[in-house]
Amino acid sequence: MNSRVKKALIQTLLAMADDELILAHRDSEWTGHAPILEEDIAFANIAQDEMGHAIIWYSLYADLTGENPDSLVFFREAAAYRNIQLVELPKGDWAFSMLRQYLFDAAEMVRLEQLVQSQYPPLAHVAAKIRKEEMYHYRHTSTWIRRLGLGTEESHRRTQKALDTLWPYTFQLFTPLPNEPFLSEAGIVPESAQLHATWAKVVLPFLKGSGLIVPETCTPIIVQRDQHTEHLSSLLLEMQEVARSDPQAQW
Amino acid sequence: MKTEEEKLREFEDRIARGETIEPGDWMPEGYRKQLIRMISQHAHSEIVGMLPEGAWITRAPTLHRKRVLLAKVQDEGGHGEYLYHAAETLGISREEMLNALLTGKAKYASVFNYPTRTWADVGVIGWLVDGAAILNQTMLAKCSYGPYARAMLRICAEENFHKKQGQEMVILLSQGTPAQRAMVQDAINRWWWPTLMMFGPHDTDSINSAELIRWGIKTKTNDELRQMFINQMVPELHALGLTVPDPDLRYDAETGNWISGEIDWEEFWRVIRGGGPCNKERLAARQKAHEEGRWVREALEAYAQKHTKEQIR
Amino acid sequence: MSDTQWPRFEVFLQAAEGEPHQYVGSVHAPDAEMALLNARDVFVRRPHCVSLWVVPADHILAKTAQELAEKGWEEVETPTQTQTASYCVFQKREHRGTLIYVGIVNAQTPAQALRRAVELFTKHPSLVWWVFPVRLVTQSNIEERESLFEPALDKPYKQPTYYRTSAQIHQIKLTKRLPEESL
């Protein structure tokens, strides 16, 4: 692997890992506070899966850089994180969290479907494994969104409001990293534009079928992954609190 | 037509023969009531218990610990699930049980009314509290009521991991930096007595015990289980250089028992009646989740009514 | 709009190919589709499972051996001219066991199905009988097996055997050379 491709791959792995980690953090905030016991269990399962995915991506990153994943997670500042803004937004109400999860799961599904053919074997191997879990997440969240969208006037209103808020952030799911062309040319990752189109083909009819209107006139948030909202620093303050209390300690 | 006395005798004969009572079988009203009380309290404990540890998931200091804690708290939800369903078979609805919990009428294990002040508390809860629960649950897995026994079997199988991951954490901290050792010793000092209280009042003060034993619901007394727990824990804690906050603790070579000092029963009753440090806060959290979730539950019922195919009766 | 904890569904799990489904417990769900997903999250957090069935609890006819012996068939419904349908039959055979799938009977009513089951499945004495219409079973599809059940296999940290705490404590005792205390 030449050094440009390697550098680009490292950046991509970090981005994927950070997305999963921050989303898992938001998901886990629901434990003990979900609308019904069955969802406490289900959402904790999704959070666990996402955390597992983060761990795998960090380990692939560590294989290439030699860094320790725990140090990476607990001792990095917000500016050095490479997750998209969608996942760092506060959890909001149930409709917001469920819809955010749905939009992310759909993106993961289309991305992983392509990644199983990656020319970088560790990536292909991990994608094949993770894909099963993402398919289940998609099934769970799509089942929910349909019911919230078509349930009561209130659930519909809340879900529509969530969609209006979240939609501009979805563009960042498919904003290519600066060095993506090196990777897509090498057959290591699919092109973001293509993924976006595939994702839209899944998501648009589904949202419509759930009684929701996709905001056509919105300003897409197309920024690079080093740009964060103010939410990330407070999130990291909490996440890193114990680890930072004694950097030399083993936990 | 059999008299109530005859039915009761036959029922107690069945228990004595080691038979399992299933929903639909005749049972004395006292049996039903005791079980509803025990099982629903147990269920409430599991779901309230999700809160003190759940609060630390976001602050768990390694990726491994995050995942383990998520799995543990998810399990606790699952255990609550099994238990509510077992209780429902006795003729009480989950709505009624939840209502009793949220309005402060129902009791749950007092141990979950204490705050989790530090990260070390998470490990100590795993080892001590879940360790104590395992002793109780292993006994209940043999109880005479089928749905409760089956729920306990599933729970026991899963609970062992909870104890082990907590134990692993305490071991690590006890052998760590001075600050970590102090943190874990402090956590043990705060959780030791509440854990001992989990086993319930002394046998002499336990009004329900005799009946529960005769009806095959309990096979060991509160004090027996408590002694088993103390005997298991003390040598292992000492091995790690940790102490138990009991100046009267002594080893009796004749019986092989570690004899505990006196439990503060005033504290026990005060907390169980709702006066613990976190009762209000934990109940309020569950009430809030329930209230804020109302529109969600209603929405899904509305969808189901609109979209489920007609069932022919 | 009513606010409930949703209706109850009973859950049956098949641990491996060739084994009969067994009753494992219940979930609450607003509809059958969600019941299946909830059942997976509650009952398949650990291996092993290849198939799940969920059935609305209200539609299960359940009788214990004691009930049948004492009440007989007093509660037989008057059959309206309904068509014959297939019913799943589950039996609990051992006191310390659970309900296990034994087969199918055809009948016009649940009570008739139960009667036929009692006559047909005589190989083992039964402590509890459950019958319910096959059409009310919502089951996991074979294509879904991977995404529904395999992720449970990948979480070794949930097994107690993953942890080596006894060995750790033993090691620490050795290094400190503590006198052996009774356990």
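Letters A, B, ... are given to chains in the order of the sequence lines, protein chains preceding strands, and every chain is numbered from 1.
Looking only at distances, a side-chain donor or acceptor of C:His95 sits under 3.5 Å from a matching main-chain atom of B:Thr20. A donor-acceptor pair is defined here as one N or O able to donate and one able to accept, closer than 3.5 Å; such a pair exists between the side chain of B:Arg150 and the backbone of C:Gly97.
Counting all heavy atoms, side chain and backbone alike, C:Thr64 lies closest to B:Pro23 at CG2-O, 3.3 Å. A pairwise comparison of heavy atoms in B:Ala239 and C:Ile172 identifies O-CG2, 3.5 Å as the closest pair. Of all non-hydrogen atoms in B:Ala304 and C:Pro30, the two that sit nearest each other are CB-O, 3.2 Å. Scanning both residues, C:Ser26 and B:Glu81, for their nearest heavy atoms gives O-OE2, 3.8 Å.
Once rounded to the nearest 0.5 Å, the distance linking CD of C:Gln171 with CD1 of B:Ile171 reads 11.5 Å. We find the OG1-CD distance between C:Thr165 and B:Glu236 to be 7.5 Å, quoted to the nearest 0.5 Å. With values rounded to the nearest 0.5 angstrom, C:Asp3 atom CG is found 5.0 Å from B:Glu298 atom CD. Between the OG1 atom of C:Thr98 and the CZ atom of B:Arg154 there is a distance of 9.5 Å, given to the nearest 0.5 Å. For the atom pair B:Arg94 CZ and C:His28 NE2, the distance stands at 4.5 Å (nearest 0.5 Å).
If you measure heavy-atom distances from B:Trp295 to chain C, you find no contacts under 4.5 Å at all. For B:Glu22, the parts lying near chain C are the backbone and the side chain together; criterion is any non-hydrogen pair under 4.5 Å. Only the side chain of C:Val128 comes within contact range of chain B, with at least one heavy atom under 4.5 Å from a heavy atom of that chain. Heavy-atom distances place the side chain of C:Lys92, and not its backbone, under 4.5 Å from chain B. Using a 4.5 Å cut-off between heavy atoms, C:Phe43 contacts chain B through both its backbone and its side chain. Using a 4.5 Å cut-off between heavy atoms, C:Gln159 touches chain B through its backbone atoms (N, CA, C, O) alone. If you measure heavy-atom distances from B:Ala141 to chain C, the contacts under 4.5 Å come from the backbone alone. In this structure, the portion of B:Glu10 lying under 4.5 Å from any heavy atom of chain C is its side chain and not its backbone. Using a 4.5 Å cut-off between heavy atoms, B:Arg67 contacts chain C through both its backbone and its side chain. Residue B:Ile21: no heavy atom, backbone or side chain, is found under 4.5 Å from chain C. Neither the backbone nor the side chain of B:Pro147 comes within contact range of chain C; no heavy atom of the residue lies under 4.5 Å from a heavy atom of that chain.
Contact check on B:Glu158 versus C:Arg45 returns a salt bridge, with a Lys/Arg side-chain nitrogen under 4.0 Å from an Asp/Glu carboxylate oxygen.
Counting heavy atoms from C-beta on, the side chains of B:Phe161 and C:Tyr163 come closer than 4.5 Å. Between B:Thr89 and C:Arg8 the shortest side-chain heavy-atom distance falls below 4.5 Å. Using a 4.5 Å cut-off on side-chain heavy atoms (C-beta onward), C:Glu10 and B:His85 make no contact. Residues C:Lys173 and B:His238 have side chains not in contact (no heavy-atom distance under 4.5 Å, counting atoms from C-beta outward). The shortest side-chain heavy-atom distance between B:Gln167 and C:Ile169 falls under the 4.5 Å cut-off. Between B:His307 and C:Asp31 the shortest side-chain heavy-atom distance does not fall below 4.5 Å. In this structure, the side chains of B:Trp26 and C:Glu67 stay at 4.5 Å or more apart for every pair of heavy atoms. Residues B:Lys164 and C:Ser166 meet the side-chain proximity criterion, which asks for heavy atoms closer than 4.5 Å.
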Quick one: do C:Gln5 and B:Arg297 satisfy side-chain contact (heavy atoms from CB on, under 4.5 Å)? Show the steps, please. CA-CA 7 Å; C:Gln5 289 287 299; B:Arg297 296 186 295 273; 3.9 Å; yes
Is there a side-chain contact (heavy atoms from CB on, under 4.5 Å) between C:Lys158 and B:Gln74? Walk through the geometry before answering. CA-CA 11 Å; C:Lys158 286 166 101 150; B:Gln74 187 197 18; 3.5 Å; yes
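A donor-acceptor pair shorter than 3.5 Å can be found between the side chains of C:Thr4 and B:Glu301.
No other option in B:Gly77, B:Ser174, B:Cys143 has as many heavy-atom pairs under 4.5 Å with chain C as B:Cys143. The candidate with the highest count of non-hydrogen atom pairs below 4.5 Å against chain C, out of B:Asn160, B:Leu300, B:Leu153, is B:Leu300. Across C:Thr161, C:Asp41, C:Val24, the residue that shares the most heavy-atom pairs under 4.5 angstrom with chain B is C:Val24. Taking chain C as the reference chain and counting heavy-atom pairs below 4.5 Å, the highest number among B:Arg14, B:Glu168, B:Glu19, B:His162 is found for B:Glu19.
Ring orientation note: the planes of B:His64 and C:Tyr157 are nearly perpendicular, at an angle over 60° on the 30°/60° scale.
Atom NZ of B:Lys306 has more than 12 neighbouring heavy atoms from other residues, nucleotides or ligands inside a 6.0 Å radius.
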